[in-house]
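These notes are about the structure you will find just below.
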Amino acid sequence: MSNVPLLEVTNVNKRFGGLKALQDVNLSLETGKLHAIIGPNGAGKTTLFNVVTGTIPVTSGRIKFLGTDMTNDKIHRISRRGLARTLQIKSVFANMTVRENLWIAAQSHHGVFSPFKSWKKCVRSVEMADIICEQIGLTSLADQTASNLSHGDIALLEMGLALATEPKLLLLDEPICGMGPAETEQTVIKIQEISKSTAIIIIEHDIEVVFKIADEITVMANGTVLAKGTPESIAANSDVRNAYLGDDDDD
Amino acid sequence: MKSRKKTEIQEVIQDNSRRSFLKKTLTGGAIASAASLGLMRDVFAKESGPIVIGHHAELTGGFSSWGYWHDKCAQAAVKVINEGGGIAGRKVVLETEDTESNPAIGARKLRSLIQRRKASFVVGSVHSGIMLASIPVATELKTPYFSAGEATEATGSKGTRYSFRTGTDTYALAAAGAPWAVENLGKNWTMIFPDYAWGHSHHAEHKKLIESMGGTVNDPIAVPLGTKDLVPYLSKIPEQTEVLFSVFFGALSVAFYSQSKSMRLDEKMKMYSVSGTIEAIDPRDIDGAAEGVFFLENFPRPLEYKDDEYHKRFIEMMNIDSVHAEEIGSDRIMAKSHAWQSYENFFALKAAIEMSGWQRDSDTPGVIEALEGLEMQNSLAHPQGSKLLRAEDHSGMIDCFISKVEDSKFVVKKRIPRDEMIAKLPPRYDFRKMSL
Amino acid sequence: MRVTDTYKFGSWLLVLFTLTAPWVLPLLVDSFWVDIYSEILIWSLLAASVNLLLGYVGLLSFGQALFFGFGMYGVAIGVVKFDLGFWSAFIFGISLATGMAAIAGSLAVRLTWHYFAIITVVFSLIFYFTALSWKPITGGDDGLPFTIPPIISFGDYKLTMTNANFQYFFIVTIVGACYWLMYRVINSPLGRAFVTVRENDARAALIGLNVYLIRLTAFIFAGFIAGVAGALFALFGRYASASYMFYHVSGEAVVWAIIGGVGTLFGPIVGTGLMIVLREELSSVWDHYLLLVGVAVILTVIFAPRGIGGAFKALAEKIARQQFSRKESGP
Amino acid sequence: MDLVFALALNGIVWGLIIALIALGLSIIFGLLDIINIAHGDFFMVGTVLAWTVLQTTGNYWLAFLLVPIIGFGLGLLINHAVIQPIKNAAALSIVATFGLSIILQESVRATYGAAPNRLVAPIQETLLLFGIQYEVYRIFAAAIAIFAICVFFGFLHKTKLGTWMRAVRFDPEIATAMGIPAHRIYMVTFGIGFAMAALGGVVAAPITTVDFQGGIDILPFCFMAVIIGGLGNLEGTVAAAVLLAFVEGIITSFTDPTIARIGSLIFMSAVLIVRPHGIFVGATR
Amino acid sequence: MTMIELRDLNAHYGKVHVLQGVNLHVGHGESVALLGRNGVGKTTTLKAIMGLVRPTGGSVFFDGREISKLRPYQIPRAGVGYVPQGRGIFPMLSVEDNLFVGLSKRPPQDIIDYIFDRFPRLRERLKQSGGTLSGGEQQMLAIARCLVMQPKLIILDEPTEGIMPILVKEIRREIDAVRKTGVSILLVEQNIKTALSLCSRVYLMEKGLIAHEASSTDLEKDSDTLHRFLGVDV
């Protein structure tokens, strides 16, 4: 098992009309590590997440998850293989309560086509929802409608939705975007906790956080992988400094 | 299949007669078991109060220009009857429901007339589709229903013992007009008509007759009801056509005449039609588009071709002029060939009710038996003329007229007396075989 | 009174009224209103089918009349052309509608938003025109009247819908069964999945829900409910007609559903009831009552897009919350 | 063979009139994101207004001028009363315009009456074309439709207001930030949409009937043109309308017109499923 | 007197309170940068100034006038120029139409001449449609489109985002040139270098509030603060 890479992206290209969003991206990520992807806006980070989760089809290339080819699989199939993600623009099921949100996420992998059973009797998912609620710290708000939550709580619920599907790999797209320092700190702790049991790939702008928590960092720019390595090696890479931290030596 | 249906009907009817027997013998008990004060009130009301007759009319929708006259006729009839002491001494109350010229709504409104407005008899719709949708309802609710639509099925394959028609159907119209038209207008016919029962019925009946007389009938042209533009249909009329037989109504009819005129079809062929096509339309209004067209009518438009006291009084009642049948003070033209039925049918009912000694709804079978074979004499009650409501197929035997539009006036070219009609069209059904 | 109590009380009142209507209504108004109430119940199913799609999976169908029409024609054609008995014709009509929903749905639910609304109209128009021109089978513009076969017959004894009370309770039973079915489905995992898809289809797919299949299931279920309504209405009116397949009928159903309140189980009954009673009462008083209907529709959309049911629900919840918070802050 | 030509020609004439009406539908959708179920009734109101102008003034030509102006005014009014309030709930636009459709039909029925009328064309001459006598007015009607369509496209591309309409259609927020009064553009657009349908009514009134239900049959055809041409693609709408009517005309020459209509509808659903942005996508965008 | 002043500006997206009382000002001829992480409300602040997001509280004064009471389209006409994020070029309009889209009539010739002198490439492509321009050219067009309206203040939302590094310099130069003509500038940037080099003063935003204010020179040295609010090392 250990010699099979968790996620293997081979020569993936994605074009939007004339725009090359991803160019020959190759990535091989091992299990048991917290990976981070960084890069400037428009580098193709979110596009990479999108093709990996099947939200958009690749133009060419292959994507393997735990050794199985899942290039251009249907989104829900990929999810059921154990790949969950959060979205940069937080989106939860606004008119459902927190508990219902988590319940459906848990139930979605156990089948929803049982039209005559009361949903409250699907004990396994009900319990799962409670566990996740506790884990993300929203138990006190469990019966609130999601649309009544604060920005930070929605971000937490978003992560809860992904967790409730019991993923093998969790893709987090800017999970602390828009949070204050206190919230950020809590969330980062949570992410670290989760990473003990679940593999995580995180896209984050906050370099400090990334360097603090990541075991391995991939830097992307202009649709290509610029560098990959330990935080230390990345910090020392001058290409990375140029591409990401701004053209240092203008004027 | 046919036989099974018949036995079903018989069984339903037996079931009913058992019930009426019960009612007669155990009146008190039966009423008590109805357990409803409302029901009891109804039963008594019918025995002494006014007689409710429903009118199922096209007040709105595509047939509203006809419905206006049917309504006016019905009101005039009830007025005349009530001024003359009512029916069997009981006042007549007229209840009207608008069918909106829509079969689906019409069937619903008939239920409303009978069940809500408590009509014991219904004088019905001139719309063939509504009529056909209504007959099963009227039969189920055991209420005599007079229709005025021309589709032959109402007194034919889809007729029942409860449906009557004093006017002509397509069968009668074909028998009345086709022989003369084949002889005088030409032998090669093309028929164009709207795609619903009325049109198809005309086509079927005429085709049979014309072919039996050695004529040729080309492929028919059925125009969908919502059609806006007739050019695609008119351009399909074969060149060799000698007689163009059309059946339309209302706006489509005007469209047909103006369009065919502008396409100069009238120069190539003779145009022949039935009264329905020109009902409620004034030839003066359509810029001569109807000039030279032959029409088969039930009732001549000008007074002069049936110049008697009753016709004159009827015209006065309707407040129309004696040449164009135009309402005085408005520009409405009376739908004269059909609307008279909504007047005369009340008198037919009056005669039958009085003959049978009808008291309440359970006596209705007597009225039906009285209506079967009812003879009506030319009178104020029957200004269209003497007629017979034939016992077998419940259809009216009346005089017909062939007119030609000359100078925007209707000129009668030929009168077909009802005796001739009776001889030419033997009954094809006998509803008396259905028990009541 | 708590929210659930209000609901329970309202539901019981509705059930009680429904069961006693044939005796209560003639005392209050007249016996024809029993028929009107039957009609309301039948039409409410069509509105409920719109509600299932709009209120629970978030798809605005403007073509539910198609399945209503199929249910209707199934019964009429079954009786007239195939000489079927009551039950076989009824089941034939419903199966036809459900089958059609499966075919139409497999194509239609690929689309969402405006496109979905348009394609449902287009599908219903295709069959509307087909029904109009396919005269030998459908009766074209005249429709297809038929004589109702008996429901049960033991030799001489026949039970038919010509018996007014029997007809009423037959309709109540079938409509009631449909609502029970909808209740069960809505409260099942499948029903939760419907709502999830309505709330956010992209997210629903990401947590592993097969959005297409869920939408298709909802569509077929809604088609089935509309088909039952159509089959019942054919039996009730002893008549089938293409005019019931026109998009105006679908539009009316959408209006009833919206005025009643989408996303609530009984909203459609309230909306349908209100609009039909309005029609019955106003149409005889004022010829142009439809003007009021039009205005009511627009006002509802502008001011109460969640309809009467939604407004009631919001109000009940608000009251409940206030009481709750008062309790919280109490000594 | 002559019949095919005659009906194809007749199809093109209708196609151009439909194109004019459908263009109104298309700009309303493109700019306001509103599926206007009442658009057929806008057309119907046009026919009724044309009839009214003829009755009161005795001059039909006046209708070509007056009716679009009245239509524009009605459009502004409706936009203010119905469309603006639901702008944030576009999903319900179908329902609101359905209500509007009921109101328009019923108002016309209440004032003008339920009985259909037939107008006599202001040009009575006919031409012998492909073996049938063809009305000159129809040729004239097609010419008017072409003229109006050209004027509209000229307006859209050559005037400031037209540029603003295109800008707002692309992105109302940025347009506003550039100083374009988007809400007025919406208003004007809706007015123009109504005016075009009403002008279509004036043009078509003499070759069809004037009836309060006259818009019901026109609407599906307009939608077909808009969908097949691509929602919001104006040039596509015109092309699709003419093409469809032309093909329907040809099909009608050898089979039932209802079958031609069903054929078009099936084609339209195929377009919706396979190419939801219309068959001319790429022409403008 | 200030060119623009935001007093306790509040805004909501639905129930989410995005701006929770923003206070900032830009003086006459001053250029100010608004920095912060993704999602803290920078773009919303700009949109609230432009009236594209309806403030739920507080007010915006521009040149002594309360523009938060104006209709949104009147704000640019009052002299606030806006270069939106992603440039906001109308792709199907010609470059010329794009350039003059905000004006009801053509501006005086000297302005046109000035614009074309500054952006000669636009003159060459006047009849081309806006969508055919490269990202950098579109940015030039967006700035030029703003300048033809002769604004007193220009608001730029991430003008160098997603632009090739070579062109970034050019854009920076153009903004600097605009600044030197005396027009006030309010700049939102991700690229701290750009922001610090163009602006004299910087606001740091966090969670819908202005959390810190400093001069560019001070901030450049204050790596702690930069770290805290932006999470960047410079």
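Note on naming: letters A, B, ... go to the chains in the order of the sequence lines (proteins, then strands), and numbering restarts at 1 for each one.
Contact of A/T55 with chain C is made through the side chain alone, with heavy-atom distances under 4.5 Å. At a 4.5 Å heavy-atom cutoff, C/I186 makes no contact with chain A through either its backbone or its side chain. With a 4.5 Å cut-off on non-hydrogen atoms, A/S91 touches chain C through its backbone and its side chain both. Looking at A/E158, the atoms closer than 4.5 Å to chain C (heavy atoms on both sides) sit in the backbone and in the side chain alike.
Once rounded to the nearest 0.5 Å, the distance linking CD of A/E100 with OG1 of C/T196 reads 8.5 Å. One finds the NZ atom of A/K117 at 13.0 Å from the CG atom of C/L190 (value rounded to the nearest 0.5 Å).
No other option in C/L206, C/T217, C/I214, C/L213 has as many heavy-atom pairs under 4.5 Å with chain A as C/L206. Contact count against chain C (heavy-atom pairs under 4.5 Å) is highest for A/S118 among A/P167, A/S118, A/S125.
Using a 4.5 Å heavy-atom cutoff, the side chains of A/I104 and C/V195 are not in contact. With a 4.5 Å cut-off on side-chain heavy atoms, C/V211 and A/I75 do not count as touching. Counting heavy atoms from C-beta outward, A/Q107 and C/R192 have side chains that stay 4.5 Å or more apart. C/R198 places a side-chain heavy atom less than 4.5 Å from the side chain of A/N95. In this structure, C/S188 and A/W119 have side chains that are not in contact, with every pair of non-hydrogen atoms separated by 4.5 Å or more.
Enclosure of atom CZ in A/F113 by more than 12 non-hydrogen atoms of other residues, nucleotides or ligands within 6.0 angstrom is indicated. In this structure, A/K190 places its NZ atom where more than 12 heavy-atom neighbours from other residues, nucleotides or ligands lie under 6.0 Å away.
Looking at every heavy atom in both residues, C/I207 comes nearest to A/A105 through CD1-CA, 3.6 Å. Residues A/F93 and C/N200 share a closest heavy-atom pair of CE2-O, 3.4 Å. Residue A/S79 comes nearest to C/A205 through the heavy atom pair CB-O, 4.1 Å, listed as atom of the first residue, atom of the second, then distance.
Looking at A/R80, its side chain does come within 3.5 Å of a backbone N or O of C/G208 through a donor-acceptor pair.
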